[in-house]
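Can you read through this structure? Questions will come right after.
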Amino acid sequence: LKLKLPLPFRDVSQRFGINPQIYAQFGLKAHNGADYRAPAGTPIFASHDGIVTFTGEDGGGGLGVVIRTQQQYEYQGQEVHFKTIYWHCKVGSFKVKPGDIVKTGDIIAEVDNTGFSTGNHLHFGLKPVIQGELDWQWENLLDNNGYRGALDPELFITMVELKRVKGQKDTYVIGKDGK
């Protein structure tokens with residue numbers, strides 16, 4: 001699974017797996033996503049093709065969108081789907097609803113500061129899921145990993161930029177400074 005960045009820029013304010021002292025109160029080992037600082041109203045993009053499975057409120061005032069892949073991927077020896085979580089969305093900014101099919105790069109909502117949050121940002125999460133016995137049942141594969149089934153989404157984001165070196169056939173550099 002390769003994910004695209006869900007914002008037009010990358011400004012990480014909190015990485016996956018840090019601040020255990022804060023997240024213990026929620027029954028977590030530490031932070032279970034990647035937080036990207038962004039001004040209120042910044043568009044949030046679908047980071048992969050998929051189906052919208054949730055838009056709404058989490059019970060604590062946080063607004064979010066969940067998108068599940070339609071394609072299966074092999075993960076830890078089994079076929080799974082993945083779901084991405086986009087949280088702290090602006091009130092009234094949802095551009096999608098459950099059941100919508102989205103493509104990578106589609107605008108799904110806007111950034112804000114809803115729910116348990118200390119400033120405008122996007123909480124971006126990733127979980128491998130498996131289908132239950134009934135069509136509408138989905139379970140987190142890693143539910144007991146201390147992060148409520150979440151993985152570090154940054155490990156799945158493709159940020160490589162290849163550029164052809166002028167005058168040299170089939171020679172490329174990665175990134176702006178050639179590193």
request  = May I ask you to decide if Val129's main-chain N or O and His81's side chain share a donor-acceptor pair within less than 3.5 Å?
outcome  =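 No: the side chain of His81 does not pair with the backbone of Val129.
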Results of side chain to side chain donor-acceptor pair (under 3.5 Å) for Tyr147 - residues two or more places apart only =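 Once residues adjacent in sequence are excluded, Tyr147 has no partner under the side chain to side chain donor-acceptor pair (under 3.5 Å) criterion.
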request  = Classify the angle between the aromatic ring planes of Trp87 and Phe54 as parallel (below 30°), tilted (30 to 60°) or perpendicular (above 60°).
outcome  =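 Trp87 and Phe54: parallel rings.
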request  = Scan for ring pair (Phe, Tyr, Trp, His ring centres under 6.0 Å) pairs involving residues 34-53, sequence neighbours excluded, and state none if there are none.
outcome  =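 For residues 34-53: none.
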query = Looking only at side chains, do Asp35 and His123 share a donor and an acceptor under 3.5 Å apart?
reply =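 Checked: Asp35/His123 side chains pair up, N/O donor to acceptor below 3.5 Å.
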task = Could you pull out the closest heavy-atom pair between Gly64 and Cys89, with the gap in Å?
result =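 Residues Gly64 and Cys89, closest heavy atoms: CA-SG, 4.0 Å.
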key: salt bridge (charged side-chain N to carboxylate O under 4.0 Å, His left out) partners for Lys97, two or more places apart   =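 Salt bridge (charged side-chain N to carboxylate O under 4.0 Å, His left out) check on Lys97 returns Asp100.
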message = I'd like to know if the side chain of Gln14 pairs up with that of Asn19 as donor and acceptor (distance under 3.5 Å, no hydrogens or angles considered).
response =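 Gln14 vs Asn19: donor-acceptor pair found between side chains.
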request  = Give me the ring orientation class for Tyr86 and Phe124: parallel if the planes are under 30° apart, tilted from 30 to 60°, perpendicular past 60°.
outcome  =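 Ring orientation of Tyr86 relative to Phe124: tilted.
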query = Does Lys127 come within less than 4.0 Å of Glu139, counting only side-chain N to carboxylate O?
reply =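 Answer for the salt bridge query: no.
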ask   = Is the backbone N or O of Asp49 less than 3.5 Å from a side-chain atom of Thr104, with the two atoms forming a donor-acceptor pair by type?
value =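 Looks like yes, one N/O pair under 3.5 Å.
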key: Residue among Leu126, Asp152, Leu155, Leu151 satisfying side chain to side chain contact (heavy atoms under 4.5 Å, CB included) with Phe16   =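 Of the listed options, the one satisfying the test is Asp152.
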query = Aromatic rings Tyr23 and Phe116: how do their planes relate, parallel, tilted or perpendicular, breaks at 30° and 60°?
reply =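 If you compare the ring of Tyr23 with that of Phe116, the planes turn out perpendicular.
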Transitive ILVMFWY side-chain link Trp138 to Leu141, under 4.5 Å =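 They do not share one cluster, since no chain of ILVMFWY contacts under 4.5 Å joins Trp138 to Leu141.
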Salt bridge present between Asp11 and Arg37 (N-O < 4.0 angstrom) =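 Result for this pair is yes, salt bridge flagged.
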query = Say you draw a straight line from CD1 of Ile51 to CD1 of Ile67; how long is it, rounded to the nearest 0.5 Å?
reply =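 If I round to the nearest 0.5 Å, the distance is 10.5 Å.
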request  = Say whether, by atom type as modelled, one donor and one acceptor occur between the side chain of Glu57 and the main chain of Gly61 under 3.5 angstrom.
outcome  =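 It does hold such a pair.
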